[in-house]
2 protein chains.
Amino acid sequence: MFTKIDMTSDTPIYQQLMENIIRGIAKQELTPGTQLPSVRTLADELEVNMHTVAKAYTLLKDKGFLSVHRNKGAVVNPQSKFAADSVYLDDLRKQLLVYATEAACRGVKAGEWISVCNDAYEELSRSSDFM
Amino acid sequence: MFTKIDMTSDTPIYQQLMENIIRGIAKQELTPGTQLPSVRTLADELEVNMHTVAKAYTLLKDKGFLSVHRNKGAVVNPQSKFAADSVYLDDLRKQLLVYATEAACRGVKAGEWISVCNDAYEELSRSSDFM
DNA sequence: TATATGTTATATATGTTATATTACATGCCA
DNA sequence: TGGCATGTAATATAACATATATAACATATA
């Protein structure tokens, strides 16, 4: 169900897991109402600790992507729960500024920057039915 | 000379320092040949440890931004030393994909994504003589 | 030679990440 | 009701990252 975890990566396991689930939602492989495996089940499947999965679920709940219920597990929220707002967009812009700065510093002009950003966005839809 | 370090930030000091120096180069406040303060001097100025500054300098050296000489300190490289290559651009696109995925997931359409990316790039030039 | 510099090494402290184990609270269902 | 699966919480341990402190070493330059 989920892409594998790269145990050799610098990126923490719980973050990789978050990214995988967000990608699943973006690709509409995980639709609102979809029930995710329990923390114990997914932990067994991925061969990681229960708390590592629980941490990812909790953070995704805080971000609005999931609702977590005792005895029912984690469920994907309707998009209205995590639709982009101005706070998110401001934060996103601030993150991107760090990358834009280094890119400009390395001689990447505005057009090429936009081209790379465009490629990144379009890479989502490749090999999936998203959008 | 350098913007202050936010000691309460989640971002490690050495990373903030790297971002500050890269921003300085991007804004052409730090031009090729510019000599940076010695690790001990800058550490005193910022009230951080010598090794924290040394780590930032070493990583910036590895990225091609600085040359570090015994007895002469750190010097800003000519842009040819850190001009964007395909390896860098591939890595950048991979990083941006993570942000693009979450944005799309939150309902940000291609046009709005590009708009935010554009804003981030343009924010560089504001309040500076860059470009 | 004396000095300033980057570099290396060691030790300590704190926070993060991850695992392991145990226990508790809750809702479901046979 | 009683059992079960679930999320949650607490504690302990280990490894690693971050940051500081101190000291010593190597080297280029005045």
Side-chain angles (χ1 to χ4, degrees), chain A residues 1-22 30 33-77 81 98, chain B residues 1-22 30 33-77 81 98:
Chain A
M1 179 172 191
F2 294 102
T3 58
K4 278 195 190 137
I5 298 297
D6 179 2
M7 292 305 200
T8 72
S9 168
D10 298 334
T11 308
I13 296 173
Y14 77 95
Q15 273 188 29
Q16 293 185 51
L17 190 47
M18 290 175 68
E19 290 172 7
N20 289 351
I21 292 172
I22 289 176
L30 298 175
T34 301
Q35 192 157 334
L36 298 177
S38 76
V39 291
R40 287 173 175 84
T41 303
L42 186 51
D44 283 351
E45 186 181 326
L46 299 177
E47 296 181 316
V48 302
N49 189 270
M50 180 185 67
H51 297 297
T52 305
V53 177
K55 181 170 186 177
Y57 277 12
T58 300
L59 289 170
L60 286 171
K61 180 186 68 179
D62 294 344
K63 279 169 163 269
F65 291 106
L66 303 180
S67 285
V68 186
H69 309 278
R70 285 176 189 278
N71 228 26
K72 277 198 292 187
V75 177
V76 178
N77 276 338
K81 293 285 187 182
V98 176
Chain B
M1 178 174 190
F2 293 104
T3 58
K4 278 195 191 137
I5 297 298
D6 179 2
M7 291 305 198
T8 72
S9 168
D10 298 334
T11 309
I13 296 172
Y14 76 96
Q15 273 187 30
Q16 291 184 52
L17 190 48
M18 289 175 68
E19 291 172 7
N20 289 352
I21 292 172
I22 289 175
L30 298 175
T34 301
Q35 192 156 335
L36 298 178
S38 76
V39 291
R40 288 173 175 83
T41 303
L42 186 50
D44 283 351
E45 186 179 326
L46 299 177
E47 296 180 315
V48 301
N49 190 270
M50 179 185 68
H51 297 295
T52 306
V53 178
K55 182 171 186 175
Y57 278 12
T58 300
L59 289 171
L60 286 169
K61 179 185 70 180
D62 294 343
K63 280 167 162 273
F65 291 105
L66 303 180
S67 284
V68 187
H69 309 277
R70 287 176 187 278
N71 228 27
K72 276 197 294 186
V75 177
V76 177
N77 276 337
K81 293 284 187 183
V98 176

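These numbers come from a predicted model, not from an experiment. To find a chain, count down the sequence lines: A is the first, B the second, and so on, and within it residues start at 1.
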(request) Measure from the side-chain heavy atoms of Lys55(A) and tell me the nearest of dG6(C), dT17(C), dA18(C). (result)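 Closest nucleotide among those given: dT17(C).
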
(message) So, does Thr52(A) get its side chain near the phosphate of dT19(C), meaning an N or O under 4.0 Å from OP1 or OP2?
(response) yes

(message) Measuring to OP1 and OP2 of dG6(C), would you say a side-chain N or O of Tyr57(B) lies under 4.0 angstrom away?
(response)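 For dG6(C), neither OP1 nor OP2 has a side-chain N or O of Tyr57(B) closer than 4.0 Å.
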
(message) With a strict under 4.0 Å distance from non-hydrogen atoms of chain A, what nucleotide opens and what nucleotide closes the contacted stretch of DNA chain D, reading 5' to 3'?
(response)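 In short, chain A contacts DNA chain D from dA5(D) to dA10(D).
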
(request) Go through the structure and list residues passing side-chain hydrogen bond (donor to acceptor under 3.5 Å, both in side chains) with Asp62(B), not counting sequence neighbours. (result)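 If we apply the side-chain hydrogen bond (donor to acceptor under 3.5 Å, both in side chains) test to Asp62(B), skipping adjacent residues, there are no hits.
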
Without decimals, in angstroms, what is the distance between [X] [atom1] and [N] [atom2]?
| X | N | atom1 | atom2 | answer |
| --- | --- | --- | --- | --- |
| Leu36(B) | dG6(C) | CG | C1' | 14 Å |
| Asp10(B) | dG15(C) | CG | C1' | 12 Å |
| Leu42(B) | dG6(C) | CG | P | 10 Å |
| Ile13(B) | dT16(C) | CD1 | P | 14 Å |

(request) Go along nucleotides 21-30 of chain C 5' to 3' and tag each nucleotide: B for a protein heavy atom under 4.0 Å from its base, S when only backbone or sugar atoms are that close, - otherwise. (result) BBB-BSBS--

(message) Quick one, Val48(A) with Val53(A), criterion side-chain contact (heavy atoms from CB on, under 4.5 Å). Give me CA distance, side-chain angles, the key distance, then yes/no.
(response) CA-CA 8 Å; Val48(A) 302; Val53(A) 177; 3.8 Å; yes

(message) Roughly what angle, to 10°, lies between the helix axis at the start of the helix from dT1(C)-dA30(D) to dA30(C)-dT1(D) and the one at its end, five pairs per end?
(response)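 Comparing the axis at each end, I get an angle of 10°.
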
(message) Once salt bridge (charged side-chain N to carboxylate O under 4.0 Å, His left out) is applied, do any residues pair with Lys63(B), and if so which ones, sequence neighbours excluded?
(response) Glu102(A)

(message) So, taking the atom named CG in Leu42(B) and the one named CG in Leu17(B), what distance separates them when rounded to the nearest 0.5 Å?
(response)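 Separation between the atoms: 5.5 Å.
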
(message) Between Lys61(B) and Val48(A), which residue's closest nucleotide on DNA chain C lies nearer the 5′ terminus?
(response) Lys61(B)

(request) Apply ring-ring contact (aromatic ring centres under 6.0 Å, His included) to Phe65(B) and list each qualifying residue two or more places apart in sequence or on a separate chain. (result) Phe82(B)

